[in-house]
Amino acid sequence: MKEVIKTTNPHGHKEYLEIIYLEEGAGIHQIDFNRFSVSPHSLYLVMPGQIHSWALTEIPKGYVVMIQKDFLLDHPLYDTLFQAFPLSFPNIFQLAETEGIFADIFRNIEKEYVHGETNYEAVIQTYLLLLFNLLKRQIKSEQANPNPALLKNFFAMLDAEFRANHETGFYADRLNTTSKTLNTTCKKHLGKTTGAVINEKLTAESKKLLLYSPKNLTEIAFELGFSDSSHFNKFFRRQTGVLPGVYRKGIS
């Protein structure tokens, strides 16, 4: 991490994951529509497609690791980390109680990268596997039963089609299954209906556009597949409790 106090404009990356581990620092780190206080021994995950920005008030010290998708092709972590929706990990971890373990992992990754000895990439991949298994422990996630292929395919299709298609039936048809089967699978593995997953995706994208896009509410409504701003207003209020204009003003 560059040891400078900085404020950055919102930006994102589609093709790589960013891991930031800070041993020192203070300020604000915004990821999508969430604002996180920067504190020592905090770890941030900025997933592909997410937008983030910094407003630091103290000099940060730590590490930034940027992982391109190609680096983890055919690796056990690939599907977990590069699944666009839903995200497999939260954006922030507070690691004060285990900071020594995580700091050593980042120091070892840096050492391997700088020295570039035989099989250094495989060694880095091993450290990353250890890192994310320890993060799973932080969130009490064993992932003993990974999501079935039907859900993985649904998530990929949803990421590509959610703006134009909001109905469960569309995804069931495209996946060569029934709405009932897709709904049952979502309930079993996610604890929510297919419709709720679709609405969650729409709501998350709505918040991102309201926060970062210069488009007005009508333009955002059309971009997200609503016939007019009135329908968008009703949907957003039903999901969040406030109108999109109120959300945009308040979050800004």
Side-chain angles (χ1 to χ4, degrees), residues 1-68 71 77 80-82 84 86-114 124 127-141 203-214 240 242 246-252:
M1 185 78 168
K2 292 182 180 179
E3 296 183 7
V4 294
I5 295 176
K6 63 180 180 179
T7 298
T8 64
N9 292 323
H11 60 284
H13 315 279
K14 290 184 178 180
E15 297 301 321
Y16 64 82
L17 161 71
E18 198 165 346
I19 310 170
I20 303 107
Y21 177 67
L22 295 182
E23 296 176 289
E24 298 180 22
I28 297 293
H29 187 194
Q30 180 140 340
I31 304 176
D32 283 346
F33 42 84
N34 297 310
R35 291 167 61 87
F36 302 109
S37 295
V38 174
S39 59
H41 313 304
S42 55
L43 183 146
Y44 305 92
L45 298 177
V46 184
M47 310 306 279
Q50 289 195 300
I51 297 169
H52 75 129
S53 61
W54 296 94
L56 295 171
T57 56
E58 292 183 9
I59 292 177
K61 292 186 179 181
Y63 299 89
V64 179
V65 181
M66 289 172 280
I67 306 169
Q68 290 184 329
F71 184 68
L77 284 172
T80 301
L81 297 182
F82 296 111
L87 298 179
S88 301
F89 290 91
N91 290 125
I92 186 171
F93 292 84
Q94 300 293 348
L95 303 173
E97 295 183 1
T98 53
E99 56 88 14
I101 298 173
F102 286 92
D104 284 344
I105 291 174
F106 284 98
R107 279 192 282 270
N108 286 327
I109 289 175
E110 182 183 38
K111 180 180 177 181
E112 289 293 331
Y113 183 77
V114 171
I124 290 175
Y127 279 123
L128 290 173
L129 188 58
L130 173 61
L131 172 68
F132 282 99
N133 276 322
L134 289 172
L135 291 179
K136 287 180 187 178
R137 179 180 293 174
Q138 293 287 318
I139 57 176
K140 307 293 189 297
S141 171
T203 303
E205 190 67 17
S206 298
K207 289 179 176 179
K208 189 183 296 187
L209 289 172
L210 289 167
L211 184 58
Y212 295 110
S213 172
T240 67
V242 297
V246 174
Y247 175 86
R248 170 177 260 180
K249 184 177 180 180
I251 201 73
S252 297

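Note that the numbering runs from 1 along the sequence shown for the chain. Everything numeric in this text was worked out from a predicted model, so none of it was measured. All heavy atoms count here, side chains included; hydrogens, waters and symmetry mates do not.
Looking at Leu131 and Leu43, their side chains come closer than 4.5 Å, going by heavy atoms from C-beta outward. Between Tyr44 and Val38, some side-chain heavy-atom pair lies under the 4.5 Å cut-off. Phe71 has its side chain within reach of Leu128: a pair of non-hydrogen atoms, C-beta onward, lies under 4.5 Å apart. For the pair Lys207/Thr240, a side-chain contact is recorded, criterion being any heavy-atom separation below 4.5 Å from C-beta on. Side-chain contact between Phe102 and Leu135 is present, with at least one heavy-atom pair separated by less than 4.5 Å. Residues Asn91 and His52 fail the side-chain proximity criterion, which asks for heavy atoms closer than 4.5 Å. Side chains of Val64 and Glu18 form a contact here, defined as non-hydrogen atoms less than 4.5 Å apart. Gln30 has its side chain out of reach of Trp54: every pair of non-hydrogen atoms, C-beta onward, lies at least 4.5 Å apart.
To the nearest 0.5 angstrom, Ile28 atom CD1 is 5.0 Å from Arg35 atom CZ. Atom CD1 of Ile51 is separated from atom CG of Asn9 by 12.0 Å, given to the nearest 0.5 angstrom. Ile109 CD1 to Ile19 CD1: the interatomic distance, rounded to the nearest 0.5 Å, is 6.5 Å. Expressed to the nearest 0.5 Å, how far CD1 of Ile67 lies from CD of Glu15 amounts to 14.0 Å. Expressed to the nearest 0.5 Å, how far OG of Ser206 lies from CZ of Arg248 amounts to 11.0 Å. Remark: Gln138 CD to Gln94 CD distance equals 10.0 Å, nearest 0.5 Å.
Of all heavy-atom pairs spanning Lys208 and Gln50, the tightest one is NZ-CA, 4.2 Å. When all heavy atoms of Ile139 and Ser88 are compared, the pair lying nearest together is CD1-O, 4.3 Å. The minimum heavy-atom distance linking Pro48 with Leu81 is given by the pair CD-O, 4.2 Å. Looking at every heavy atom in both residues, Leu17 comes nearest to Met47 through CD1-SD, 3.3 Å. Taking every heavy atom of both residues into account, Gly25 and Pro40 meet most closely at O-CD, 3.9 Å. Ala55 and Thr7 get closest at one heavy-atom pair: CA-OG1, 4.0 Å.
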Carefully, step by step, assess Thr98 and Leu134 under the rule side chain to side chain contact (heavy atoms under 4.5 Å, CB included).
-> CA-CA 10 Å; Thr98 53; Leu134 289 172; over 6 Å; no
Tell me, with the steps shown, if Val46 and His29 meet side chain to side chain contact (heavy atoms under 4.5 Å, CB included).
-> CA-CA 11 Å; Val46 184; His29 187 194; 4.2 Å; yes
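Ring-plane geometry between Phe106 and Tyr63 is classed as parallel, the angle between the planes falling under 30 degrees on a 0 to 90 degree scale with a further cut at 60.
Between the Tyr212 side chain and the Phe33 main chain, no donor and acceptor come within less than 3.5 Å of each other.
Taking the six-membered ring for Trp and the full ring otherwise, the centers of Phe132 and Phe89 sit less than 6.0 Å from each other.
Counting non-hydrogen atoms of other residues, nucleotides and ligands closer than 6.0 Å to CD of Gln68 gives a total of 12 or fewer. Residue Lys6 qualifies as enclosed at atom NZ: its count of foreign heavy atoms under 6.0 Å is above 12.
For the side-chain contact (heavy atoms from CB on, under 4.5 Å) with Lys61, the qualifying choice from Met1, Lys2, Glu24 is Glu24, the only one to do so.
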